[in-house]
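In this chain, residues are counted from 1 in sequence order. Note that this is a predicted model, so its numbers are computed, not measured.
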Amino acid sequence: MADRTPAPDTPELRARWGDFAFSKAYKARADREIAKYPDGRQKSAVMALLDLAQRQVGEETDTQGWLPLPVIEFVAKYLDMPVIRVLEVASFYFMYNLKPVGKFHVQVCGTTPCMLRGSDDIIAACKSRGMVKGGVSADGLWTLTEVECMGNCATAPMVQINDDNYEDLTPERLDAVLDALAAGEMPKAGTQEPGRHTSEPSGGPTTLKEMVTKNHDYRGEWQ
């Protein structure tokens with residue numbers, strides 16, 4: 001599982017991120033999030049602001065983004081919160097990365113439905129491309145994390161890569177997705193099963209193929 005401890009607070013980290021501040025565009029987005037809450041409740045925007053800060057770091061580093069400790073401190077100051085409270089949020093939710101990640105963060109679900117459907121083979125396919133759990137691959141493209149249930153049990157096995165889910169995977173289908181991402185393309189998200197739509201039954205419906213067309217009127221008589 002992912003390491004939820006923050007990256008070491010080194011002089012190098014401070015030199016790189018100690019002056020972090022929202023860009024004009026991200027500040028506007030942050031202020032819109034804060035404005036959604038009534039006076040005195042601005043701290044409720046902490047999750048949204050952490051996400052925005054991570055995305056800005058991602059743009060600046062050409063990665064999926066992460067939250068160095070000085071960036072967490074910036075969000076805490078922006079919301080007038082104790083740093084530890086913001087760190088508690090960032091370390092609890094897996095959507096926040098507390099250590100550097102690659103351009104693409106490959107999160108493989110290893111919970112029982114995905115495991116029974118071949119998630120071990122998916123992880124092996126990731127490792128065969130040089131991915132290491134919790135680290136950044138030598139080419140800077142990939143970070144691999146094994147996570148718990150991502151809510152796509154009907155289309156297992158699945159991975160989340162940055163903001164998109166890819167489902168009904170085999171090692172070959174995953175390789176096609178990763179090849180496309182590495183080439184700068186945007187592969188189709190969702191199920192990778194040909195002809196399947198979202199989480200409908202694989203192979204199409206087997207029951208209730210026809211809609212009932214009769215309507216019952218207010219007198220209780222069939223029309």
Side-chain angles (χ1 to χ4, degrees), residues 1-17 20 47 50-75 83-84 86-152 156-167 169-171 173-175 177-182 187 189:
M1 302 303 294
D3 182 359
R4 303 309 295 161
T5 58
D9 187 11
T10 63
E12 292 78 14
L13 190 77
R14 290 283 164 182
R16 175 63 180 88
W17 298 108
F20 178 86
M47 291 187 67
L50 284 171
D51 178 69
L52 292 172
Q54 180 167 276
R55 291 177 185 276
Q56 181 172 324
V57 170
E59 289 184 5
E60 293 181 15
T61 58
D62 193 27
T63 69
Q64 202 259 338
W66 68 292
L67 292 171
L69 187 55
V71 175
I72 292 174
E73 292 171 348
F74 168 80
V75 172
V83 175
I84 187 60
V86 181
L87 179 58
E88 286 172 346
V89 175
S91 61
F92 182 83
Y93 292 101
F94 274 62
M95 63 190 284
Y96 305 118
N97 304 314
L98 299 184
K99 290 183 172 62
V101 295
K103 185 179 180 70
F104 303 107
H105 188 187
V106 182
Q107 300 181 76
V108 181
C109 179
T111 312
T112 305
C114 280
M115 181 187 67
L116 293 174
R117 294 277 291 171
S119 64
D120 287 348
D121 294 334
I122 300 302
I123 292 175
C126 291
K127 290 182 176 180
S128 71
R129 301 176 72 102
M131 298 187 202
V132 180
K133 286 186 180 180
V136 180
S137 60
D139 57 12
L141 283 179
W142 317 107
T143 289
L144 172 63
T145 304
E146 182 178 353
V147 297
E148 290 303 312
C149 185
M150 314 256 314
N152 293 87
M158 62 83 61
V159 304
Q160 178 178 328
I161 304 177
N162 294 2
D163 290 331
D164 291 314
N165 289 350
Y166 300 90
E167 307 149 28
L169 292 173
T170 64
R173 290 173 181 173
L174 176 63
D175 279 336
V177 169
L178 298 178
D179 286 342
L181 290 171

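Looking at Glu148 and Cys109, their side chains never come closer than 4.5 Å, going by heavy atoms from C-beta outward. Asn152 is listed as a side-chain neighbour of Asn165, based on a closest heavy-atom distance under 4.5 Å. Side chains of Val108 and Thr145 form no contact here, defined as non-hydrogen atoms less than 4.5 Å apart. You'll find the side chain of Met158 stays beyond 4.5 Å of the side chain of Tyr166, heavy atoms only. You'll find the side chain of Leu178 reaches within 4.5 Å of the side chain of Ile161, heavy atoms only. No side-chain heavy atom of Phe20 sits under 4.5 Å from any side-chain heavy atom of Pro70. Taking the side chain as every heavy atom from C-beta outward, Val89 and Met47 approach each other to under 4.5 Å.
For Glu60, the salt bridge (charged side-chain N to carboxylate O under 4.0 Å, His left out) criterion is met by Arg16, not counting sequence neighbours. Scored by the side chain to side chain donor-acceptor pair (under 3.5 Å) test, Arg129 finds Asp175, Asp179 as partners (sequence neighbours excluded). Contacts of Arg55 classified as salt bridge (charged side-chain N to carboxylate O under 4.0 Å, His left out), with partners at least two apart in sequence or in another chain: Asp51, Asp163. The side-chain contact (heavy atoms from CB on, under 4.5 Å) check on Pro113 picks up Thr111, Cys153, with sequence neighbours excluded.
Across Thr63, Asp62, Asn162, a single residue satisfies side chain to side chain donor-acceptor pair (under 3.5 Å) together with Lys103, and that is Asp62. Residue Leu67 forms a side chain to side chain contact (heavy atoms under 4.5 Å, CB included) with just one option from Asn97, Val57, Ile72, and that option is Ile72.
Note that the CG atom of Leu69 and the CG atom of Leu87 stand 7.0 Å from one another [nearest 0.5 Å]. Here Ser119 contributes atom OG and Glu146 contributes atom CD; the two are 6.5 Å apart, rounded to the nearest 0.5 Å. Note that the CE atom of Met95 and the CD atom of Gln160 stand 9.5 Å from one another [nearest 0.5 Å].
Looking only at distances, a side-chain donor or acceptor of Arg117 sits under 3.5 Å from a matching main-chain atom of Ala156. At distances below 3.5 Å, not a single donor-acceptor pair connects side-chain atoms of Ser137 with backbone N or O atoms of Gly130. With Lys99 contributing its side chain and Thr5 its backbone, the two residues share a donor-acceptor pair below 3.5 Å.
The two residues Pro187 and Leu181 have their closest heavy-atom pair at CD-CD2, 3.6 Å. When all heavy atoms of Ala53 and Val71 are compared, the pair lying nearest together is CB-CG1, 3.7 Å. Shown here for Gly102 and Thr143, the closest heavy-atom pair between the two residues is N-OG1, 2.7 Å. For the pair Leu174 and Cys126, the tightest heavy-atom approach, listed with the atom from each and the gap, is CD2-SG, 3.8 Å.
For residues 97-139, the ring pair (Phe, Tyr, Trp, His ring centres under 6.0 Å) pairs, not counting sequence neighbours, are Phe104-Trp142.
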Using residues 6-14 as the side-chain source, report each donor-acceptor pair under 3.5 Å to any protein atom, sequence neighbours left out, with the distance given to one decimal.
residue : atom : partner : partner atom : Å
Asp9    : OD1  : Arg14   : NE           : 2.8
Asp9    : OD1  : Arg14   : NH2          : 3.4
Asp9    : OD2  : Arg14   : NH2          : 3.0
Thr10   : OG1  : Glu12   : OE1          : 3.4
Thr10   : OG1  : Leu13   : N            : 3.1
Arg14   : NH1  : Glu73   : OE1          : 2.7
Arg14   : NH2  : Glu73   : OE1          : 3.3
Arg14   : NH2  : Glu73   : OE2          : 2.8

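For Arg4 and Phe94, the positive end sits near the middle of the six-membered ring, less than 6.0 Å away and at most 45° from its axis.
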Chi angles and distances behind the side-chain contact (heavy atoms from CB on, under 4.5 Å) call for Val132, Lys127: CA-CA 6 Å; Val132 180; Lys127 290 182 176 180; over 6 Å; no
